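To keep things clear, I will list the structure first and then write my remarks on it.
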Protein chains: 2
Amino acid sequence: MEVAEAAGVSASTVSRILNGTARVSADKRKAVEKAIVDLNFTPNVLAQSLKRGQSKTIGVITQAVDSPFFTETLKGIEDGISGSGFAALIVSGHWNPDEEAERVGLLMARKVDGIIIVSGNIPDDQIVRFSEHVPMVATGHGCESDRLRAIRVDNVWGGYRATKHLIELGHRQIAHIAGIPTLTDATDRLAGYKQALEEAGIPYNDALVVQGDFRESGGLLCANQLLDRGVPFTALFAANDQTAYGARLAFFRRGIRVPDDISLIGFDDLPGSPYTTPPLTTIRQPVYEIGRMAAAAMLALIGNKPFKIEPPQLELTIRETTRRLR
Amino acid sequence: MEVAEAAGVSASTVSRILNGTARVSADKRKAVEKAIVDLNFTPNVLAQSLKRGQSKTIGVITQAVDSPFFTETLKGIEDGISGSGFAALIVSGHWNPDEEAERVGLLMARKVDGIIIVSGNIPDDQIVRFSEHVPMVATGHGCESDRLRAIRVDNVWGGYRATKHLIELGHRQIAHIAGIPTLTDATDRLAGYKQALEEAGIPYNDALVVQGDFRESGGLLCANQLLDRGVPFTALFAANDQTAYGARLAFFRRGIRVPDDISLIGFDDLPGSPYTTPPLTTIRQPVYEIGRMAAAAMLALIGNKPFKIEPPQLELTIRETTRRLR
DNA sequence: CTGTTAGCGCTTTCAC
DNA sequence: GTGAAAGCGCTAACAG
């Protein structure tokens, strides 16, 4: 390499200094260090990777980089690997299992040292199969194996807790805007809703449940639908905060006051939720912490170190969109 | 390579088939294709890159992956390069010039084929210097050179247009919560605010301007500050939507109605802004389009193709937080 | 302590 | 059309 020549030593010596692999005499070290600065030299990570068989890169598959929900997790991952010498290669799967699988291929071709998959629609058994080739960490999935760690919150509990909060406030007619039915996050929350209802002896009413899409526009649409059905309700549990935002606007449009006329609870606790008017009561999901945990688990997996995943806890965050009935 | 052996041909032939570099007889092609499928072979991109001297990777430096403002641009970039065979390596600089410079180094060490830098605090001349080593596209910067393209919106115009909208509605006492003063985005918007005032013959009043931080919490704080000063105002121009959200909450807390008592206008048009209550009037910034354009410009730069950057236009988006005075 | 040698997986002349 | 050979930039034995 160029530096070696300039410093009058062999390439090996330069490599040794760069990596601290072995002791080098002080004078040669000086010469090499000078040459490195003079030539503004940076080792070619590609060549290093090819040689070492690992690329110091962690692949991350997210679903939509534009959703605040994912970006918080991304930030956690980023913070978690920062300083470790690894970099994150981020790609999106857009909730499409085929696309996700293709992305996994893309990442493997780049010889990433591990893949973190943030939520998504890939079947669990396929993830297990992938993990035979490369260490994986999956959030929002339940499966584990030798080289696969899963991080998942208890969405059933979350749906249950949200609904129970409403019930505790005296509500009995509680509507629900569900999420995308193919995602277990959504169906789990719905299951929790039903469970809380049943526990309180409130019969489940199909007319009070409508299917959204986890986005604001869906929330707006669904709330209107709910209202148009004419079945009265005093509280609404939205499957996520974005849905709640949309529903909130629907209510606003019709002059329905929150929480005076209808109590509203969301799910996620997005960064914007403390700043809605009024601030949104919600189930806080520790997305940032999930990201950090995913990163830590991956680093441990790569380094063959033990790591215990503490399942992150959901938390009822009471703000001002829910109130006691009467 | 393994595939070559399995198919009974040389590595060169496999390479030729993989890249379509030369004609290969049909039978060998068949054999190789079969072997590829059988062995589930994917070429090692690292080795390819090392050989070819380009990595099929575009580095992206963003400032904070958790801000909706940046993630929209990121999505645009991602969509823009998808299908081109390139992948995006995303890192954040956190508004810290030193950190940004270090990240550029990290990306260069990985031999990225180009770097897109999304906003940030690196001095322009340093970007020019970087661009001597690797093609660059910078958003929010003005400098251009041989291997450097810049994409920037006219923030002065935006600040001017926002303020003028308020003036057209009859407002004369217009407050402003500014952004981070080290960012030209912020100072430009402030300049536009002053310009509109001057044009309308309204004297600039220091007591009506306070410095925020482009975030909700800052907006809340600053709006309270403004209110506490006791200098009356009927309209507020917030330097970005997040600031507007915070200010909106401050007003809500004090029973000040928007837009009945105070008109409010933001800047950016974040995905959530059409869903605030009431929906936020703002200056729409085409962040997604900026991302796409950055990607297209980069691809053109890499391919040595000509590309004309159409400076993206800001647009006054009137919704329901501003109204005519009286 | 340090230089020599071989090779990571691929592409690309250069012959045949 | 196709194989042999060289080499991208680096690291890791292996000798000294």
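The structure displayed is predicted, hence computed values, not measured ones. Below, read A as the first sequence line, B as the second, and so on, with proteins coming before strands; counting in each chain starts at 1.
When all heavy atoms of B:L50 and A:L46 are compared, the closest pair comes out as N-CD2, 4.3 Å.
The side chain of B:T13 contributes no N or O atom lying less than 4.0 Å from OP1 or OP2 of D:dG1.
In terms of modelled atom types and a separation under 3.5 Å, the side chain of A:E100 and the main chain of A:G93 share no donor-acceptor contact. Counting only distance, with no hydrogens or angles, the side chain of A:D113 and the backbone of A:S55 share a donor-acceptor pair below 3.5 Å.
Contacts between residues 3-10 of chain A and DNA chain C, counted as heavy-atom distances below 4.0 Å, involve A:V9, A:S10.
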Scoring nucleotides 9-16 of chain D by protein non-hydrogen atoms under 4.0 Å (B base, S sugar-phosphate only, - none) yields BBBBB---

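Pairs passing the ring pair (Phe, Tyr, Trp, His ring centres under 6.0 Å) check and including a residue from residues 95-139 of chain A, sequence neighbours excluded, read A:F70-A:W95. Residue pairs satisfying the side-chain hydrogen bond (donor to acceptor under 3.5 Å, both in side chains) criterion with at least one member in residues 11-26 of chain A, sequence neighbours excluded, are listed as follows: A:S10-A:T13, A:S15-A:N19, A:S25-A:D27.
When the P atom of C:dG9 is taken as reference, atom CD1 of B:I36 falls 16 Å away, rounded to whole Å. When rounded to the nearest whole Å, the span between CZ of B:R29 and C1' of D:dT2 equals 13 Å.
Applying the salt bridge (Lys or Arg N to Asp or Glu O under 4.0 Å) rule to B:R149 yields no partners; only residues at least two apart in sequence or on another chain are considered. Every side chain to side chain contact (heavy atoms under 4.5 Å, CB included) that A:T187 has, sequence neighbours left out, goes to A:T184.
Side chains of B:R110 and A:T57: a donor-acceptor N/O pair is present below 3.5 angstrom, by distance only.
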